[in-house]
Amino acid sequence: MFFNLVEFPYPSAEGLHVGHVFKYSGVDAYGRYHRMRGRQVFQPIGFDAFGIHTENYALKVGEHPAQLTARTTRRFREQLSRMGGAWDWSRSVDTSRPEYYRWTQWILVRLFEAGLMYQAEAPVVWCPACLTVLAREQTERDGTVCERCDTPVTERVMTQWFLRITAYADRLDAGLDRLDWPDRARRSQRRWIGRSEGWEIDFGDLTVFTTRPDTLPAVTFIAVPDGHPAAGGTRPHPLTAAPVPVFAADYVVESYGTGAVMGVPAHDERDARFAAEHGIAVSHAPLLDAAAAAAVGRPAVRYRLRDWLISRQRYWGPPIPIVHCAGCGPVAVPDADLPVLLPQVEDFRPAGTGQSPLAAAEEWVRTTCPRCAGPARRETDVSDAFVDSSWYFLRYPSSEFDDRPWDRERTRRILPVDFYAGGGEHVQRHHLYARFVTMALHDLGLVPFEEPFPHIRIGGLIVRDGAKMSKSRGNVVTPDDYVARSGSDVLRGALMFAAPWEQGGEFSDDAVAGIERFLARTWRVITAADGAGPDPATLARATHAVSDAIERLSFNVGLARLMELLPSVRSAEAKRVFVRLLAPFAPHLAEELWHRLGEPFSVHTQAWPVFDSSLLLSREVEIPVQVDGRVRGTVVVAPDAGRDEVVLAARRAVTTVPPEERTARLVFVPGRVISFVSRGDP
RNA sequence: GCCGGGAUGGCGAAAUCGGUAGACGCGACGGACUCAAAAUCCGUUGUCCGCAAGGACGUGGGGGUUCGAGUCCCCCUCCCGGUACCA
């Protein structure tokens, strides 16, 4: 089973975007190719329908998010169907449906029981427009504005739910080495995790984290975050016991390391800047050797990664399945009581009080403690939409089961994902969260593998007029217009022909015209009376080239090879080969032509053309003749022609080839090149 | 600032292992068909010199390695994406 997966869309009110079509067309062609190659392909699609984005839009237009979601998912479904993707709709998911989020909650309960979900009071990012806390990752521009609405965010200290992803930081980091991901994705995620090996060193009761314990003798101050109680005092230097002044410095991040830094102006740029600004002395005391440094500190590993804040004081998400009991504290909702249904409320607007709109549903909130049966109150925060998407690939194969989140046998047979087509914007969050959740579930014995996505490829961005499509630029392309005018095969083809899938590229009406003509020409050629040709070697080479291009996700090259082949296609056999090669790119046209050829439905379940690989070896090759590094002509020889034969041919064909006595050097690469280096008069 | 990715004809791009740069498409030009146009088909199309044969130059700029560099190495410029004092 080949699990061909693409990141499921958030069903925006704007409908399907050409960027979606670009990404999905390639994924679909890839899946169709593998199916024809004999793999059983599982290619589902679904909707990431919960979340602030949907909810904010619902608030804007004054429509209930449930209603809005029903409408937008219906539209997406129609549009996706029209594009002709081979999606398995029988295995679809919608994260906002109780049948789905029941299991999202079930997973949170498992994590809670395992000590991986906890409540803590912490300074968190608050968006005054969305009226909710956000994960640090959901802010932009140095964490100053909300990524959803661009509003400057503030900080609040609140009691929130977290997932203990930092407990897996080491494994998430180490595991990257074994993944077949693009380097840039791996590097980017590794940097996000930010593993750092160093030392903890005590200055009295104040502990600092440093990667440079050897610079300890040159410490002239200690820096702590603004508002730290130690600021203004001194602490004894661990080597000399001399008092070291403690300063409050805005460059010290409270939540990283020990939240305190030893100031070494001689060896650290930031420390130097701070020292200069505050008139602090600079010491160039000689450095300590490793052994001496080890004697005063403890080795420690720190991460840039923080625990994952999943509380949202919003409506459109799964209620966090916890009940608060005065006697028992926070208690998980028993599995039998899941899902905790999102209550129907009239007013789903965020309250702005730091509590979710669910808090106003008093009847819903009031409940009994599952443990002691005493009076208790439900947790009113909902969970982050990234929780929903961190396990949806586990649900797809088992989506019809209502008594288990995933079936053991199905999971074993279909997962992990064989090919995951992702977006670059998801490397730090979605891909990381999904890895964490999968690892945790693995440790709980619930899934038989640690890594959900052993093979990821990142799709490029489709642009128009050299710029990312956006409403403000007015260069947004709607797929519907093109589909209505030219059909989805043309739109798919135009997008695939524009550029390699991983690179992304320019969408233009010119490309649409080119593909439209190509497909029209294809129709005429295939439906014309049979003739002779091309020769088997031509067909074999084209088949090989198209296959190779698809495997490399270079659909543009695949189409180019088909365009080259088309004019020579005459024989019935060649037509049958051509239509099958075309099928992943233009599924509708290929199906119709296959039918016209009198072949049984469906072209998409036919075997991919096979060829005798000996046909790929040509009987003769044209190789360049170089003289002093310049191409001076070519000779046609057998691919395995020997050195002497080629030299002879080159002398005959190219007059400027030096005679033997004037040849200083001769480089011969069989089947590739013959290169003469001449010698001046002795 | 740091980390990625990129820069190839008029345009989108190809070149998979260091071996004929520009496949394929668009556009343009010329021709066929047509009363005419559209559509379609055929041909030409990197730049420069040349009647031609042929030659010179050419993959953002500069240097290098090599018989041979779009491809490898060093330095630089610009564009796109990510990231932000992580000790």
Side-chain angles (χ1 to χ4, degrees), chain A residues 140-144 182-188 190-192 194-196 198-199 208-212 215 222-223 249-264 267-271 273-274 302-306 424-425 427-428 458 460-461 463 466-468 493-494 497-500 502-515 517-518 520-521 524 545 548-549 551-552 554 556-567 621-635 663-669 671-678:
Chain A
E140 281 174 357
R141 275 177 265 152
D142 304 3
T144 57
D183 269 353
R184 60 186 153 127
R186 262 200 305 221
R187 259 197 283 262
S188 161
R190 174 155 280 144
R191 188 186 147 83
W192 189 264
R195 186 178 198 278
S196 177
W199 295 76
V208 301
F209 175 70
T210 181
T211 54
R212 293 290 307 276
T215 63
I222 298 169
D250 59 4
Y251 71 89
V252 179
V253 180
E254 187 178 7
S255 52
Y256 182 78
T258 58
V261 179
M262 61 186 213
V264 191
H267 298 285
D268 185 281
E269 213 179 291
R270 293 156 309 189
D271 295 346
R273 202 170 352 111
F274 188 80
R302 296 287 172 166
Y303 301 89
R304 186 179 173 278
L305 186 71
R306 317 286 167 75
E425 72 277 21
V427 170
Q428 283 97 358
I458 304 291
L461 199 67
V463 301
K468 190 173 173 171
F497 189 61
E502 287 183 274
Q503 188 182 302
E506 173 82 23
F507 177 80
S508 71
D509 291 341
D510 289 344
V512 173
I515 290 293
R517 265 182 270 191
F518 165 64
R521 211 156 53 232
R524 288 195 295 271
D548 183 56
E551 283 170 26
R552 285 160 43 215
S554 289
N556 55 334
V557 176
L559 279 164
R561 296 296 164 257
L562 286 172
M563 289 172 179
E564 283 174 299
L565 176 63
L566 183 65
V621 288
E622 187 188 27
I623 68 172
V625 178
Q626 295 186 357
V627 177
D628 295 328
R630 291 168 174 276
V631 178
R632 291 300 175 190
T634 59
V635 289
T663 300
R665 202 173 156 198
L666 187 60
V667 179
F668 175 60
V669 184
R672 291 296 248 192
V673 73
I674 179 89
S675 182
F676 298 86
V677 183
S678 65

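Throughout, a chain's letter reflects where its sequence line sits, starting with A, and its residues are numbered from 1. All values below come from the heavy atoms of this structure, side chains included, with hydrogens, waters and symmetry mates left out.
Across rC67(B), rA56(B), rU83(B), the shortest atom-to-atom separation from the side chain of R304(A) is found for rU83(B). Comparing rA87(B), rU83(B), rA23(B) by their closest approach to the side chain of R191(A) singles out rU83(B). Taking the side chain of E564(A) as heavy atoms from C-beta on, and the options rA87(B), rC67(B), rC24(B), the nearest nucleotide is rC24(B). With rA87(B), rA56(B), rG82(B) as the candidates, the nucleotide lying closest to the side chain of Q428(A) is rG82(B).
Counting any heavy atom pair closer than 4.0 Å across all strands shown, V677(A) reaches sugar-phosphate atoms only and no base atom. Base engagement by V252(A) is indicated by at least one non-hydrogen atom pair under 4.0 Å involving a base atom. Looking at heavy-atom distances under 4.0 Å, R302(A) makes no contact with the nucleic acid at all. Within the 4.0 angstrom heavy-atom criterion, only backbone atoms of the sugar-phosphate kind lie near R632(A); the bases stay farther away. Contact annotation for G194(A): no contact, since no heavy-atom pair falls under 4.0 Å across all strands. Residue D271(A) is out of contact with every strand shown, counting any heavy-atom pair closer than 4.0 Å.
The separation between I458(A) atom CD1 and rG6(B) atom C1' is 17 Å, rounded to whole Å. One interatomic measurement links the two molecules: CZ of R190(A) to P of rC3(B), which rounds to 16 Å at whole-angstrom precision. Rounded to a whole Å, the CG atom of D510(A) is 6 Å from the P atom of rG27(B).
With sequence neighbours excluded, the residues satisfying side chain to side chain donor-acceptor pair (under 3.5 Å) with D271(A) are Y251(A). With sequence neighbours excluded, no residue forms a side chain to side chain donor-acceptor pair (under 3.5 Å) with E269(A). In this structure, S508(A) has no side chain to side chain donor-acceptor pair (under 3.5 Å) partners at least two apart in sequence or on a different chain. Under the side chain to side chain donor-acceptor pair (under 3.5 Å) criterion, D183(A) pairs with R186(A), sequence neighbours left out. With sequence neighbours excluded, the residues that form a ring-ring contact (aromatic ring centres under 6.0 Å, His included) with F507(A) are Y482(A). In terms of the salt bridge (charged side-chain N to carboxylate O under 4.0 Å, His left out) criterion, residue partners of D548(A) (sequence neighbours excluded) are, by chain and number, R552(A). Every residue two or more places apart in sequence or in another chain that forms a side-chain contact (heavy atoms from CB on, under 4.5 Å) with D628(A) is listed here: V677(A), S678(A).
As the counterpart of rU47(B), rA56(B) is assigned, both hydrogen-bonding distances of the Watson-Crick or G-U wobble pattern falling under 3.5 Å. A 3.5 Å limit on both hydrogen-bonding distances identifies no Watson-Crick or G-U partner for rC85(B). Across all strands shown, rG18(B) forms no Watson-Crick or G-U wobble pair with both key distances under 3.5 Å. Nucleotide rC35(B) has no partner under the Watson-Crick or G-U criteria, as no pair reaches both atom distances under 3.5 Å.
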Protein-to-nucleotide contact annotation, 5' to 3' order, nucleotides 12-22 of chain B [B base; S sugar-phosphate only; - none; under 4.0 Å, heavy atom]: BSSSB--BB--
Between protein and nucleotides 38-40 of chain B, what N or O pairs are separated by less than 3.5 Å?
from: rU40(B); atom 1: O3'; to: R524(A); atom 2: NH2; distance (Å): 3.1

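Screening V635(A), V673(A), T634(A) for a side chain to side chain contact (heavy atoms under 4.5 Å, CB included) involving I623(A) leaves a single residue, V635(A).
Under 4.0 angstrom from either OP1 or OP2 of rC3(B) there lies no side-chain N or O belonging to S188(A).
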Steps toward side-chain contact (heavy atoms from CB on, under 4.5 Å) verdict (Q626(A), V667(A)): CA-CA 9 Å; Q626(A) 295 186 357; V667(A) 179; over 6 Å; no
